[in-house]
Amino acid sequence: MCGIVAYAGGRSALDVVLAGLRRLEHLGYDSAGVAVLVDGGLAAAKKSGTFEDVRRELSERPLPAGTTGIGHTRLATHGPPSDENAHPHLDDSGRVAVVQNGDIDDFAGLRAQLAARGHEMASSTDTEAAAHLLAEHFSSCYDLAEAMRQVCRQLTGTFALAAVHADEPEVVVGACRGLPLLVGLGDGEVFLASDAAAFPPHVRDVADVGADQVVTLHRDGVWITDFEGVPGDVRTYRVDGDGDAEMDGASDPYGHGGAGAPTAGIGDGTGGGSR
Ligand code: GLU
């Protein structure tokens, strides 16, 4: 298991995500990568090796600027370290990007079923199966959070996931089962990470994504449901800037309302229309 960082806000997602991944570097990794939503599409860069390899790739082939993105540092479990196996993983159309910590147990069977349905695999990872499944479900529900819930109901294993879709250019969706995933709340910006140490020091309000929950992040709000779609509370607590909790359980049953005020629908999975 290694690192997930994601961002939705007003700043360069690439800069924010790379800085967050750097803060998780001490956990060790064999590959790293990022994906940002840009101009109705999605752009990604990933390399096995170190951040310097990713930076070199980004200087040779810069990504267009975008304000929503995801990133990952990988410690390989399914498939050896390689550029192809580095995260993010994309679907066939290149409109979905997924990063994952942990293991999806049934990945070989899922990959075989996907291949039988005509999907072309670009890696040997478990994560890529989730990317193709997410794209399949999205193509019938047109709702990334709902597609993620459907995927998670299909998966067994211990995992944390983060995903973006080019058709929802300001949204990040995360999900976890048995591994940590945290939301960091800023002013008009939201962060998702597998460790609070990834958040920039000014992020003081943090919420845990619970077991078997799906979280939807938009710069104006955060919504949580379980895998069945039952809404859950976004319970925030303060951290001291180093990612350490100051006051455990200081509960704030709304999500993040942009200006700080509760907004209709925020905090449960039913608000915000498609969220
Ligand atoms: N199982 C995934 C892979 O091998 C994720 C490993 C990790 O947690 O970094 O790509």
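Atoms within each ligand, like the ligands themselves, are counted from 1 in listed order. Because the structure is a prediction, the values reported are computed rather than measured.
Of all the heavy atoms of Ile104, none lies under 4.0 Å from any atom of ligand 1, so neither backbone nor side chain is involved.
Side chain of Thr73 to main chain of Gly3: a donor-acceptor pair is present (N/O by atom type, distance under 3.5 Å, no hydrogens or angles).
Judged by distance alone, the side chains of Thr125 and Asn85 never bring a donor and an acceptor atom under 3.5 Å apart. Gln150 and His137 share a donor-acceptor pair across their side chains, judged by distance under 3.5 Å alone.
Looking at residues two or more places apart in sequence or on another chain, you find no salt bridge (Lys or Arg N to Asp or Glu O under 4.0 Å) involving Arg23.
Remark: ligand 1 atoms within the under-4.0 Å shell around heavy atoms of Leu75 are 6 (C), 7 (C), 9 (O). Heavy-atom proximity to His72, at under 4.0 Å, picks out these atoms of ligand 1: 9 (O). Under a 4.0 Å criterion applied to the non-hydrogen atoms of Arg74, ligand 1 contributes the atoms 3 (C), 4 (O), 9 (O), 10 (O).
The shortest N or O to N or O distance between His78 and ligand 1 is under 3.5 Å. Remark: ligand 1 and Gly102 share an N or O pair separated by less than 3.5 Å (distance only, no angle test). Checked against a 3.5 angstrom limit, the closest N/O atoms of His87 and ligand 1 fall inside it.
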Please report, to 0.1 Å, the donor-acceptor pairs under 3.5 Å made by any side chain of residues 33-45, with sequence neighbours excluded.
none

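Within the set Thr125, Asp126, Thr73, Asn85, the minimum heavy-atom distance to atom 2 (C) of ligand 1 is found for Asp126.
Annotation: Glu120, atom CD; neighbour count of heavy atoms from other residues, nucleotides and ligands within 6.0 Å does not exceed 12.
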